[in-house]
Novice: 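Below you will find the structure I want to go over with you.
Given the structure is predicted, the values throughout are model-derived calculations rather than measurements. Numbers here simply count residues along the sequence, with the first being 1.
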Amino acid sequence: MSHKKRTSKVLLTSLVYSFLLVMALSCNKDDDPALPPDGETPPTGTPMSSGDLPRFTVRTNGGVIVDEPKVNAELSIVKNNTVLFEGPIGIEFRGATSQGFDKKSYGFETWDTSGQDIDVALLGFPEEEDWILNGPYSDKSLVRNHLIYELAREMGNYASRTELVELNINDSYQGIYVFMEKLKRDKNRIDVSKLNPDENTGEDLTGGYVLKIDKLSGSDLGQSYTAANSFESQILPPDNGMGQTIKYLYEYPDAEDITPKQKTYISEYIFQFETALASDTFADPQTGYANYIDVDSFIDFFLLNELSNNVDGYRLSTYMHKDKAGKLAMGPIWDFNLAFGNADYCSGGETNVWAYKFNERCNFDFWLVPFWWERLLEDPAFVSRLKDRWNSLRGNTLSNNNITAKIDGFIARMQDAGAIDENFNTWGVLGVYVWPNNFVGDTYDQEANYLKTWIDDRAEWLDTAINELQ
């Protein structure tokens, strides 16, 4: 969506960020140095990349980054002292809870010289205009999101392509970031059919759609769940402590563009699926839940959330999509910075609990897990397929050796670049509790070893727990 269509409303917290950044920027208003053509060596003074990690350099030319709207800036990307990209962007803060961290995350669009969105292939990723620089802060391993997305892709699912990079904003080093694709409908991202406003009948009406279970964001037309931006499940989640309901937000088409008939179609489809799943004949392969969903996508989604004991799993940052004439599929996965033992509430740090049973432990949380997963595990056919998939993956993609090798590889690249020390010299969080850390290591090595040991213990528990399912 063009930045011209985005709302200009700025949240109160953004005003605070703006004031602080104005004070900081007032000390440095030098003109941007000119960058050379692609492939040439940057001039003296241009921030170099460290080793094999790309260095993103953003200059706002006196502009102040806020939550909304995006501000004009210039981006250069340098790797091994070679310029890979330079051009205008629009940049803003992103995230909900994470905006309270000192190390911010950013969303940006690549623009042309007139300020219009333009598709660009950054770091070899497929061309698009919407990108994210995610700043690991409470995740002191720095690699949780990078790891889980790579595992998901190796399993054959789409997950945001990612790369570890370093970020510099207005001559201020920001540390290690995860550069990633923003989730959106696109042939190279969430690959569902384009759904135009005039497609309101017949097969045209059946897709594509993207829904999510999540907190509200600035694109959701308001500060509360309404009929304009969402619809509600007619079946309460299990163990709800105060009558909480499940809300499904319109992601694509978004709340601004989806038509009334499209709203009716997708909400009724979810209602029919949930009705079939809740029925006495839910396991019937012809008339039950399997008539409405891509079962394999549900199984992979379940395994990734359970492997990581994602405390937000199934109830936040939970995407699903439906293509034209297709079934409902889960994913892509999203936002695992509090997973892999990095949460000290609702058993998020434990290795021996089911993530899908979150409601039993924290039934007064506003966002609960839908009844879907508990019910699916009551079907012997689903459980059989789940066991087969887990045991197969444990021999390759989800083996201890493969996961550990990936983490070690990520760490080696960051260490070779000297970026780990630079990151924690900038953000002095080692040995310091940052919400919601379950473990606080005094050194980076302790944080990395905690992550690897936690995953080994978790996988061992799942080996038994999954195979004991009936």
Novice: Given the rule in the side chain to side chain donor-acceptor pair (under 3.5 Å) test, do Thr404 and Asn401 qualify, once you have shown the distances and angles that lead to the verdict?
Specialist: CA-CA 5 Å; Thr404 298; Asn401 288 342; 5.9 Å; no
Novice: Any donor-acceptor pair under 3.5 Å linking the side-chain atoms of Asn342 with those of Asn438?
Specialist: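 No donor-acceptor contact under 3.5 Å links the two side chains.
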Novice: For Phe358 and Trp373, I'd like to know if the aromatic rings sit close, meaning centre-to-centre distance below 6.0 Å.
Specialist: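 No.
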Novice: Identify which one of Trp111, Tyr106, Phe179, Phe56 satisfies the ring pair (Phe, Tyr, Trp, His ring centres under 6.0 Å) criterion when paired with Trp131.
Specialist: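 Only one option passes, and that is Phe179.
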Novice: Kindly write out the residues that satisfy ring-ring contact (aromatic ring centres under 6.0 Å, His included) with His146, not counting sequence neighbours, or none if the list is empty.
Specialist: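 With neighbours one apart ignored, the set is Phe410.
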Novice: Give the table of side-chain donor-acceptor pairs shorter than 3.5 Å for residues 201-211, with sequence neighbours excluded, one pair per line with atom names and distance.
Specialist:
{"unit_1": "Thr206", "atom_1": "OG1", "unit_2": "Glu203", "atom_2": "O", "d": "2.7"}
{"unit_1": "Thr206", "atom_1": "OG1", "unit_2": "Ala325", "atom_2": "N", "d": "2.7"}
{"unit_1": "Tyr209", "atom_1": "OH", "unit_2": "Leu205", "atom_2": "O", "d": "2.6"}

Novice: Would you compute the distance between atom CG of Leu167 and atom CG of Leu133 and round it to the nearest 0.5 angstrom?
Specialist: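 These two atoms lie 5.5 Å from each other.
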Novice: Rounded to the nearest 0.5 Å, what's the gap from CG on Leu147 to CG on Leu142? Could you check?
Specialist: 12.5 Å
Novice: Using every non-hydrogen atom in the two residues, find where Ser297 and Met330 come nearest and quote the distance to one decimal.
Specialist: OG-N, 3.0 Å
Novice: CG of Asp186 to CG of Asp119: how many Å apart, nearest 0.5 Å?
Specialist: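 Nearest 0.5 Å value for the CG-CG distance: 7.5 Å.
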Novice: Looking only at the side chains, is there a donor atom on one of Tyr444 and Asn423 sitting less than 3.5 Å from an acceptor on the other?
Specialist: no
Novice: Evaluate the side-chain contact (heavy atoms from CB on, under 4.5 Å) criterion for residues Phe424 and Glu447: first the C-alpha distance (whole Å), next the side-chain angles of each, then the deciding distance (0.1 Å), finally the verdict.
Specialist: CA-CA 12 Å; Phe424 291 110; Glu447 290 286 349; over 6 Å; no
Novice: Verify whether one side chain among Thr453 and Asp456 offers a donor that lies under 3.5 Å from an acceptor in the other.
Specialist: no
Novice: With ring-ring contact (aromatic ring centres under 6.0 Å, His included) as the criterion, how do Tyr314 and Trp372 come out once you've worked through the C-alpha distance, each side chain's angles and the decisive distance to 0.1 Å?
Specialist: CA-CA 9 Å; Tyr314 314 108; Trp372 301 359; 9.8 Å; no
Novice: Among Tyr292, Tyr265, Tyr269, which one satisfies side-chain hydrogen bond (donor to acceptor under 3.5 Å, both in side chains) with Lys322?
Specialist: Tyr265
Novice: With a 3.5 Å cut-off and no angle check, do the side chains of Ser317 and Asp312 form a donor-acceptor pair?
Specialist: no
Novice: List the steps, then state whether side-chain contact (heavy atoms from CB on, under 4.5 Å) holds for Trp435 with Ser138.
Specialist: CA-CA 7 Å; Trp435 182 90; Ser138 67; over 6 Å; no
Novice: Is it true that Arg361 and Glu350 have a side-chain N and a carboxylate O under 4.0 angstrom from each other?
Specialist: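 Looking at Arg361 and Glu350, the cut-off is not met.
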Novice: Glu181: which residues meet the side chain to side chain donor-acceptor pair (under 3.5 Å) condition with it, sequence neighbours left out?
Specialist: Tyr158, Arg161
Novice: Regarding Lys247 and the six-membered ring of Tyr225, is the cationic atom NZ or CZ under 6.0 Å from the ring centre and inside 45° of its axis?
Specialist: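 Checked: cation-pi criterion met.
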Novice: Just jot down the side chain to side chain donor-acceptor pair (under 3.5 Å) partners of Gln446, sequence neighbours excluded, or say none.
Specialist: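 For Gln446, no residue satisfies side chain to side chain donor-acceptor pair (under 3.5 Å) once neighbours in sequence are set aside.
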Novice: Could you tell me the separation between the CG atom of Asp239 and the CG atom of Leu368, rounded to the nearest 0.5 Å?
Specialist: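 If I round to the nearest 0.5 Å, the distance is 8.5 Å.
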Novice: What are the two closest non-hydrogen atoms of Ile411 and Ile420, and how far apart are they?
Specialist: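 For Ile411 versus Ile420, the nearest heavy atoms are O-CD1, 4.0 Å.
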Novice: Would you mind checking if Arg375 and Glu274 are paired as a salt bridge, meaning a charged N to carboxylate O distance below 4.0 Å?
Specialist: no
Novice: Ignoring hydrogens, what is the shortest heavy-atom contact between Trp390 and Asp463? Give both atom names and the distance.
Specialist: NE1-OD1, 3.0 Å
Novice: Any sub-3.5 Å donor-acceptor pair from Asn402's side-chain atoms to Ser399's backbone N or O?
Specialist: no
Novice: Can a donor-acceptor pair be found, under 3.5 Å and without considering hydrogens, that links the side chain of Lys387 to the backbone of Leu469?
Specialist: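 Looks like yes, one N/O pair under 3.5 Å.
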Novice: Side chain of Asp379, backbone of Ala381: donor and acceptor closer than 3.5 Å?
Specialist: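 Checked: pair present.
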Novice: Give me the atom names and distance for the closest heavy-atom approach of Glu199 to Gln262.
Specialist: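 Taking every non-hydrogen atom into account, O-NE2, 3.1 Å.
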Novice: Restricting to non-hydrogen atoms, name the atom on Asn229 and the atom on Ala255 that form the minimum distance, rounded to 0.1 Å.
Specialist: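 Shortest heavy-atom contact: CA-CB, 3.7 Å.
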Novice: List in chain and number order the residues that pass ring-ring contact (aromatic ring centres under 6.0 Å, His included) with Tyr250, two or more places apart in sequence or in another chain; answer none if no residue qualifies.
Specialist: Phe231
Novice: Looking only at the side chains, is there a donor atom on one of Asn310 and Asn305 sitting less than 3.5 Å from an acceptor on the other?
Specialist: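 Side chains of Asn310 and Asn305: pair found under 3.5 Å.
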Novice: Do you know the tightest heavy-atom contact between Val440 and Val432?
Specialist: CG1-N, 3.5 Å
Novice: Before giving the answer on side-chain contact (heavy atoms from CB on, under 4.5 Å), spell out for Ile407 and Ile403 the whole-Å C-alpha distance, their side-chain angles and the decisive distance to 0.1 Å.
Specialist: CA-CA 6 Å; Ile407 296 171; Ile403 295 173; 4.1 Å; yes
Novice: Applying side chain to side chain donor-acceptor pair (under 3.5 Å), can you list everything that pairs with Asn449, at least two apart in sequence or on another chain?
Specialist: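 Side chain to side chain donor-acceptor pair (under 3.5 Å) list for Asn449, sorted by chain: empty.
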Novice: Taking Lys452 first and then Asp408, would you say they form a salt bridge - that is, a charged N and a carboxylate O separated by under 4.0 Å?
Specialist: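 So Lys452 pairs with Asp408 through a salt bridge.
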Novice: Roughly how far, to the nearest 0.5 Å, is CZ of Arg94 from CG of Asp67?
Specialist: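 These two atoms lie 10.0 Å from each other.
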Novice: So, Glu251 and Arg185, do they make that salt bridge, N to O below 4.0 Å?
Specialist: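 Here Glu251 does not pair with Arg185 in a salt bridge, since their nearest N and O are not under 4.0 Å apart.
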Novice: Would you give the length of the straight line joining atom CG of Leu398 to atom CE of Met155, rounded to the nearest 0.5 angstrom?
Specialist: 5.5 Å
Novice: Is the closest basic N to carboxylate O distance between Arg385 and Asp296 below 4.0 Å?
Specialist: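 Asp296 and Arg385: salt-bridged.
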